[in-house]
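Naming convention: chains lettered A, B, ... in sequence-line order (proteins, then strands); numbering from 1 in each chain.
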Protein chains: 2
Amino acid sequence: MPRIPDIVVGRLPLYLRALNRMQAQGVDITSSHELGQQLGISSAQIRKDLSHFGEFGKQGTGYNVVSLIGALQHILHADRTWDVALVGVGDLGRALAHYGGFGPRGFHISHLFDADPAKIGKKIDGLTIQPASEIEQTVKSANLKVAMIATPANTAQAVADTLVQAGIRSILNYAPISLTVPEGVRVQHIDPIIHLQRMIYYLD
Amino acid sequence: MPRIPDIVVGRLPLYLRALNRMQAQGVDITSSHELGQQLGISSAQIRKDLSHFGEFGKQGTGYNVVSLIGALQHILHADRTWDVALVGVGDLGRALAHYGGFGPRGFHISHLFDADPAKIGKKIDGLTIQPASEIEQTVKSANLKVAMIATPANTAQAVADTLVQAGIRSILNYAPISLTVPEGVRVQHIDPIIHLQRMIYYLD
DNA sequence: TAGATTGTTAATCGATTAACAATC
DNA sequence: TAGATTGTTAATCGATTAACAATC
């Protein structure tokens, strides 16, 4: 497989989400044009992106929704279930633990951690909250590769360091801070303030 | 002001967040190099981005943290408080309503809406949940421009249409669906699945 | 077949980076 | 002054788009 630009990989999940929606609505076949309209992306870009990975369509017809979903899931490694550690069980962490959208898309929150002694041992949806001190050993023995951080900003970097130390390679960070991680570890940041500020620039 | 590329505007909030952190740590002066290291961005890019808006540094010295914060807040329109409507008060909506990070950054959740009759009239942090049927009138009379959607996917587009109809121009969407909005309305999507899938591609 | 859409190439467009004169 | 860092220009790099032959 040739080197794929990050920006191309980043769009594949958007295609997959739109295709899943089409499938749920009973659509069998789609085209790069239709997909592009739904996503606000040009049809040429969609065809170009897909062409990095193979040929998935049929001239004159378009793409079979189900088989393109399968192909994209395979490319993204979303054709299996990934266990995920969640560190920080405050309001946001609890909302994430309850969120029903992970399971159907192949992610399973398998472990919860928190630093607050009052929370240790409590259960959320049948999952027991473990002390933060157990992160390293637990993540290692469960061989987890994916984690979410939902702690306050001031502890997020230390948590990330511990997670990486334990073998985590993908971190979804909800703490409002830029995390520094070694080469080979991926971080994605979710900070609503950043998104809001990107938009209010355009307001008067 | 010349036309600024979206991608440049999109980085300003990241600069602002890093600078706020520096200020909290008592740092008075920084440089494009230091800022870039913290964010994983080249120093040249930071200087180029800022140069779209004016001259904020001093040769040989760098940037005064406090005054660059002020300049960026002004550019982004983050030097005032924006009232925000929140539609959908499930687990996630409640977590957002409780989140303490909005106020200090100039956002104030001023109205809550939900479609569930059982929730109407209940209070969260002193704010009464209003019925979704009141969105249009309330948003208009409060002259709100910013909203967050935290409803299920199947109602998000209808909610967005109503919000836009009522004058909302910036939507932060937590529902896992691509929203379609008219020209002149900005949408930012927050969907953890998308971010997770972007990362697992790189795992084996 | 006629119509439609893919996959791909080449051209265009835009963003990033390197380098340096200006200057604090 | 000597050292450092800005703001900016020009060069490089990469991404997007337009266009079309291939073909279902």
Peer 1: Can you tell me the distance, in whole Å, between the CG atom of A/N64 and the P atom of C/dT6?
Peer 2: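 Atom-to-atom, A/N64 to C/dT6, this comes out as 13 Å.
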Peer 1: Decide if atom CD of A/Q137 counts as having more than 12 heavy atoms of other residues, nucleotides or ligands within a radius under 6.0 Å.
Peer 2: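 Incorrect, the count does not exceed 12.
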Peer 1: So what does B/I7 touch, heavy atoms closer than 4.0 Å: a base, only the sugar-phosphate, or nothing?
Peer 2: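 Result for B/I7 = sugar-phosphate.
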Peer 1: Above 12 or not: heavy atoms from other molecules or residues under 6.0 Å from NZ of B/K140?
Peer 2: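 Counting other residues, nucleotides and ligands, NZ of B/K140 exceeds 12 neighbours.
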Peer 1: Can you check the A/E55 CD to C/dG7 C1' distance for me, whole Å?
Peer 2: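 So the CD-C1' distance, A/E55 to C/dG7, works out to 6 Å.
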Peer 1: For DNA chain D, find the residues of residues 13-43 of chain A with a heavy-atom distance under 4.0 Å and give them by number; none if there aren't any.
Peer 2: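 Listed by number, they are A/S42.
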Peer 1: Would you mind reading off the distance between B/R47 atom CZ and C/dC20 atom P, rounded to a whole angstrom?
Peer 2: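 So the two atoms are 13 Å apart, to the nearest Å.
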Peer 1: Using a 6.0 Å cut-off, check whether atom CD of A/E136 has over 12 heavy atoms from anything other than its own residue.
Peer 2: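 Result for CD/A/E136: enclosed.
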Peer 1: Once the angle between the rings of A/F102 and A/Y99 is folded into 0 to 90°, is it parallel (under 30°), tilted (30 to 60°) or perpendicular (over 60°)?
Peer 2: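 Ring orientation, 0 to 90° scale: perpendicular.
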Peer 1: Would you say B/Y63 reaches D/dG7's phosphate, i.e. side-chain N/O to OP1/OP2 under 4.0 Å?
Peer 2: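 It does, given that an N or O in the side chain of B/Y63 lies less than 4.0 Å from OP1 or OP2 of D/dG7.
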Peer 1: Within a 6.0 Å radius of atom NE2 on B/H98, are there more than 12 heavy atoms belonging to other residues, nucleotides or ligands?
Peer 2: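 It does: B/H98 NE2 has more than 12 such atoms within range.
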Peer 1: Output the pairing pattern of DNA chain D as a dot-bracket string, 5' first, Watson-Crick or G-U wobble with both distances under 3.5 Å, | for cross-strand pairs, [ ] for crossing pairs.
Peer 2: ..||||||||||||||||||||||
Peer 1: With DNA chain C as reference, determine whether A/A44 or A/G60 sits nearer its 5' end, using the nearest nucleotide of each.
Peer 2: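 Going by which nucleotide is closer to the 5' end, it is A/G60.
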Peer 1: So does A/R186 pair up with A/D6, basic N to acidic O under 4.0 Å?
Peer 2: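 Here A/R186 pairs with A/D6 in a salt bridge, since their nearest N and O are under 4.0 Å apart.
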Peer 1: Tell me: CG of B/L50 to C1' of C/dT16, nearest whole Å?
Peer 2: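 Whole-Å distance recorded here is 15 Å.
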Peer 1: Please work out whether the ring planes of B/Y201 and A/H77 are parallel, tilted or perpendicular, with thresholds of 30° and 60°.
Peer 2: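 The arrangement is parallel - the two ring planes meet at less than 30°.
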Peer 1: When the nearest nucleotide of DNA chain D is assigned to B/G62 and to B/K48 on a heavy-atom basis, which residue is associated with the more 5' position?
Peer 2: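 Whichever sits nearer the 5' end wins; that is B/G62.
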Peer 1: Less than 4.0 Å between a side-chain N and a carboxylate O, is that true for A/R105 and B/D191?
Peer 2: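 So B/D191 does not pair with A/R105 through a salt bridge.
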Peer 1: To the nearest Å, how far apart are B/H52 NE2 and C/dA15 C1'?
Peer 2: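 About 10 Å, once rounded to whole Å.
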Peer 1: Could you check how far CZ of A/R3 sits from P of D/dC13, rounded to whole Å?
Peer 2: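 Nearest whole value for this atom pair: 15 Å.
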Peer 1: Find the distance A/I46:CD1 to D/dA18:C1' and express it as a whole number of Å.
Peer 2: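 Spelled out: CD1 on A/I46 to C1' on D/dA18 is 16 Å.
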Peer 1: Could you tell me whether the side chain of A/M22 reaches within less than 4.5 Å of the side chain of A/Q38, counting heavy atoms only?
Peer 2: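 A/Q38 vs A/M22: side chains touch.
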Peer 1: How long is the line joining CD of A/Q45 and P of C/dT5, in whole Å?
Peer 2: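 So the CD-P distance, A/Q45 to C/dT5, works out to 19 Å.
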